[in-house]
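Read the structure below first, then the notes.
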Amino acid sequence: MPRDLILGTAGHIDHGKTSLVKALTGIDCDRLPEEKARGITIDIGFARLDLGDFRLGIVDVPGHERFIKNMLAGATGIDLVVLIVATDDSVMPQTREHLEILRLLGLRHGLIALTKCDLVDETTREVVELEVRELVQGTFLENAPLLRTSAHTGEGIPELKAALADLCRHVEERTGEEWFRMSIDRSFIVQGHGTVVTGSVTSGRLRVGDEVEWQPRGERVRVRSLQNHDQGVEEVHRGMRAAINLAGVHNEDVVRGQEVATPGYLVPSRTLTVRLHCLADVKRPIKHRAPVRFHVGTAEVMGTVSLLDSDAVQPGAWALAQVFLDEPVTAVWGQPFVIRGSSATQTLGGGQVLQPVAKKVRRRHLEMQERIEKLWSGGADERALAVAWFGGFSGFTAADLVRGANVGPDQAPAVIERLKGQKALVDVALGSGRHLLLHADMIKELDERILTALGRLHEQFPLMTTHDRQKVQSQLDYVGDDTLVHAAVDRLIAQKRLAGDLRRVARTDFKPKLSANLRKLKDKVVAEYQQARFTPPEPSSFAGAAGGNAANLRDLFDVCVAEGYLVHVAGDLYLHGEAEAEMRRLVTEKLSDGPGMTVAEIRDLLGTTRKFAVPLCEYLDRAGVTKRAGDLRVLPMA
Ligand SMILES: Nc1nc2c(ncn2[C@@H]2O[C@H](COP(=O)(O)OP(=O)(O)O)[C@@H](O)[C@H]2O)c(=O)[nH]1
Ligand SMILES: [Mg+2]
């Protein structure tokens with residue numbers, strides 16, 4: 001089986017890129033009527049070249065400075081490049097710009113073709129060769145083969161093919177499992193078949209009948225049929241040009257920049273964290289908050305740069321940054337991107353994606369920066385841990401590691417097991433078979449937050465022995481699964497750092513300020529209120545027992561209310577919690593199968609006196625149990 005690779009062209013307009021592809025393949029890549037009429041390439045065109053051991057899909061790009069965005073869409077999936085320089089024109093602005101873009105895209109393999117050699121003499125050829133050699137110094141093309149060609153006379157074409165075949169042998173083969181991914185560069189309708197999307201397959205393989213996720217829409221669609229260079233095939237894989245017939249997709253909904261991928265692989269985001277390089281030969285640095293055009297895959301989206309560790313990236317320098325985009329894009333860890341000025345007149349820089357799906361990070365936050373740097377400098381385990389850490393309390397999945405840490409899909413389970421073994425990751429069971437994978441720091445962090453929140457409550461209510469678990473959770477500044485908090489509280493109870501039950505908890509290091517006497521008094525108060533039901537005692541009747549200290553007595557009643565033993569009705573009137581519930585039940589029951597009741601009737605129902613009946617009725621109105629209708633109390637619905 002020949003190996004499939006994708007070759008791109010690059011170079012200034014009119015330098016003979018399209019002519020050279022035609023001389024190599026017999027295919028005219030200028031397919032648009034406007035391209036034919038004007039004789040220039042506007043959008044990317046495609047050809048194929050068989051080289052025995054290798055099959056090249058060729059993407060011919062436009063050289064015109066106005067169509068750089070199309071060049072970028074074409075260059076995004078290529079494995080090797082032919083940089084083309086016309087001998088009658090030598091190095092020109094887009095020769096430089098295309099080379100810069102190829103460098104930013106991380107291209108490693110290519111060769112140089114001098115074209116139109118039929119137009120110039122030997123001396124000129126030599127001068128141009130020197131100029132080109134100088135241009136590529138320090139780049140991946142530094143030692144690249146340089147061939148002299150002419151599309152008109154055929155000079156150098158066989159040698160070019162041989163050099164390409166040789167170059168292909170140097171492109172490293174990828175081993176290990178990969179998920180499928182293709183960034184869409186074109187779409188059209190085939191009569192009777194529906195929408196077809198095309199692109200360069202950048203990873204994995206895809207078969208007829210498979211399902212792909214169409215991003216950023218997040219829709220799952222079925223692959224009806226596949227083509228590679230106009231031939232029906234059962235499968236496409238990395239390095240191939242592919243045309244995918246998608247079931248149930250409207251052509252008008254497809255735009256360049258969308259992707260199709262293995263479901264779960266890509267997640268669209270408007271915020272990405274990146275390492276950003278400012279090109280050495282731009283005039284001004286890239287400033288914090290600069291508006292830019294962000295090119296990733298075949299997508300081009302407007303956005304703003306936020307520099308995390310500086311106010312400007314100087315020409316030639318690198319920085320950590322986040323980009324905030326107007327539209328969501330899909331990317332993976334390490335993926336190259338390019339940024340251009342917002343008016344699209346200049347390529348400013350580019351770099352690699354570190355977090356394809358990021359949350360906004362505070363600038364100049366050293367700990368965050370260190371964690372983000374780990375995503376670049378660290379090995380697979382460290383990258384995985386960084387992804388887990390940024391997953392916070394929501395945790396992470398194996399797919400997050402594939403997308404965000406460049407861990408192979410076949411490697412992810414082993415990485416997770418290893419890190420769990422090292423206690424760096426924790427697998428929390430959430431009940432009913434659900435699991436949550438968390439960075440171990442999150443468990444510690446949650447414990448800390450629970451202890452701190454409870455500590456604050458103890459400080460605020462020094463007399464209260466315990467607090468409601470729900471109340472503690474509401475003070476955590478936590479968004480995530482409730483079960484996780486419950487599990488953490490249970491664990492803290494098991495570790496004896498908390499004391500409590502299913503309903504209420506306290507820190508074990510907390511000593512309630514209630515003296516032994518007051519604790520005894522509290523039990524007495526609660527017991528008396530329980531006994532008295534709807535004819536409760538006056539708080540002042542306990543003043544003597546409280547040592548005549550009014551503040552103590554007030555605190556004591558507050559504690560009883562906070563702990564749910566008593567309910568405050570009005571003024572000095574309290575009911576035992578059970579009596580209050582009983583009152584609601586009795587009144588509601590009576591009213592739901594009878595007419596309204598007067599205060600006197602409610603008084604008799606509760607077996608109390610007028611002194612209590614009036615404030616109790618008003619309490620029931622406030623609580624929404626009853627409402628007033630003239631002299632009567634009725635149910636609020638009535
Ligand atoms: N004499 C000569 N002209 C060429 C050669 N290659 C391309 N041209 C001409 O240069 C012009 C631009 O070529 P084209 O392939 O469209 O350039 P591109 O913009 O780089 O794709 C056309 O008029 C071609 O006929 C060549 O090898 N010799
Ligand atoms: Mg062209």
Side-chain angles (χ1 to χ4, degrees), residues 1-8 25 27 29 31 43-51 53-60 73-80 168 171 173-266 297-299 330 332 402 409:
M1 264 299 266
R3 201 174 143 206
D4 291 288
L5 291 169
I6 295 175
L7 169 75
T25 66
I27 299 166
C29 288
R31 63 202 150 78
D43 208 343
I44 43 182
F46 312 99
R48 66 174 296 172
L49 179 62
D50 278 313
L51 291 173
D53 290 345
F54 300 96
R55 273 191 315 206
L56 290 184
I58 300 181
V59 182
D60 180 38
T76 192
I78 66 177
D79 299 295
L80 39 140
C168 288
V171 179
E173 276 199 76
R174 288 199 227 162
T175 53
E177 196 188 321
E178 282 183 334
W179 281 338
F180 173 79
R181 183 176 182 202
M182 186 189 91
S183 199
I184 297 172
D185 54 30
R186 209 164 42 121
S187 82
F188 46 86
I189 297 178
V190 175
Q191 218 55 46
H193 294 273
T195 301
V196 171
V197 300
T198 72
S200 303
V201 179
T202 46
S203 73
R205 56 187 64 237
L206 186 69
R207 292 183 184 85
V208 173
D210 283 353
E211 250 193 345
V212 286
E213 214 163 34
W214 172 29
Q215 294 289 16
R217 295 171 69 102
E219 292 171 35
R220 288 201 180 190
V221 289
R222 198 175 49 79
V223 174
R224 259 208 210 127
S225 63
L226 291 168
Q227 284 199 342
N228 169 239
H229 295 293
D230 304 325
Q231 313 227 318
V233 288
E234 274 305 300
E235 181 195 290
V236 291
H237 52 253
R238 207 204 86 74
M240 281 170 98
R241 288 289 309 168
I244 309 175
N245 181 198
L246 295 173
V249 166
H250 293 291
N251 185 43
E252 57 270 25
D253 294 333
V254 181
V255 280
R256 178 177 279 179
Q258 293 175 339
E259 299 206 52
V260 283
T262 299
Y265 185 14
L266 303 177
T298 54
T330 40
V332 301
V402 178

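FYI, side chains are in, hydrogens and waters are out, and symmetry mates aren't considered; it's all heavy atoms of this structure.
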Once you round to the nearest 0.5 Å, how far does [atom1] of [X] lie from [atom2] of [Y]?
X: Leu266; Y: Gln215; atom1: CG; atom2: CD; value: 6.0 Å
X: Thr25; Y: Leu56; atom1: OG1; atom2: CG; value: 10.5 Å
X: Asp230; Y: Arg48; atom1: CG; atom2: CZ; value: 9.0 Å
X: Cys29; Y: Ile58; atom1: SG; atom2: CD1; value: 7.0 Å
X: Gln191; Y: His193; atom1: CD; atom2: NE2; value: 9.5 Å
X: Thr198; Y: Ile244; atom1: OG1; atom2: CD1; value: 9.0 Å

**Prompt:** Mind checking what makes ring-ring contact (aromatic ring centres under 6.0 Å, His included) contact with Tyr265, not counting sequence neighbours?
**Reply:**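 In terms of ring-ring contact (aromatic ring centres under 6.0 Å, His included), with neighbours along the sequence ignored, Tyr265 is linked to Trp179.
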Spell out, as yes or no, whether a donor-acceptor pair under 3.5 Å connects the side chain of [X] to the backbone of [Y].
X: Arg220; Y: Glu211; result: no
X: Asp79; Y: Ile6; result: yes
X: Asn228; Y: Met240; result: no
X: Gln258; Y: Val255; result: yes
X: Ser203; Y: Glu178; result: no
X: Arg256; Y: Ser183; result: no
X: Thr202; Y: Arg181; result: yes
X: Asp4; Y: Phe54; result: no

**Request:** Run the numbers on Val171 and Arg3 for side-chain contact (heavy atoms from CB on, under 4.5 Å), then give the verdict.
**Result:** CA-CA 10 Å; Val171 179; Arg3 201 174 143 206; 3.7 Å; yes
Would you mind reporting whether [Y] and [X] have side-chain heavy atoms less than 4.5 Å apart?
X: Phe46; Y: Ile27; value: no
X: Leu7; Y: Leu49; value: no
X: Val201; Y: Leu206; value: no

Show the nearest heavy-atom pair for residues [X] and [Y], with the distance to one decimal.
X: Val197; Y: Ser187; result: CG1-CB, 4.0 Å
X: Ser225; Y: Val208; result: CA-CG2, 4.1 Å
X: Ala73; Y: Thr298; result: O-CG2, 3.5 Å
X: Val221; Y: Trp214; result: CG2-CB, 4.2 Å
X: Ser200; Y: Arg241; result: OG-NH1, 2.9 Å
X: Glu235; Y: Leu226; result: CA-CD1, 3.9 Å

**Asked** Which residue pairs pass the salt bridge (charged side-chain N to carboxylate O under 4.0 Å, His left out) test when at least one of the two sits in residues 192-201, sequence neighbours left out?
**Response**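 Qualifying pairs, neighbours excluded: none.
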**Item:** Intermediate values then yes/no, side-chain contact (heavy atoms from CB on, under 4.5 Å), Asp185 and Ile44
**Value:** CA-CA 9 Å; Asp185 54 30; Ile44 43 182; 3.8 Å; yes
**Prompt:** Would you call Arg31 and Asp60 a salt bridge, taking side-chain N to carboxylate O under 4.0 Å as the test?
**Reply:** no
**Message:** Test of understanding: with side chain to side chain donor-acceptor pair (under 3.5 Å), list the residues that count as partners of Arg222, not counting sequence neighbours.
**Reply:** none
**Request:** Apply the test side-chain contact (heavy atoms from CB on, under 4.5 Å) to residues Arg217 and Asp253: give CA-CA distance (whole Å), side-chain angles for both, the deciding distance (0.1 Å), then the verdict.
**Result:** CA-CA 10 Å; Arg217 295 171 69 102; Asp253 294 333; 3.6 Å; yes
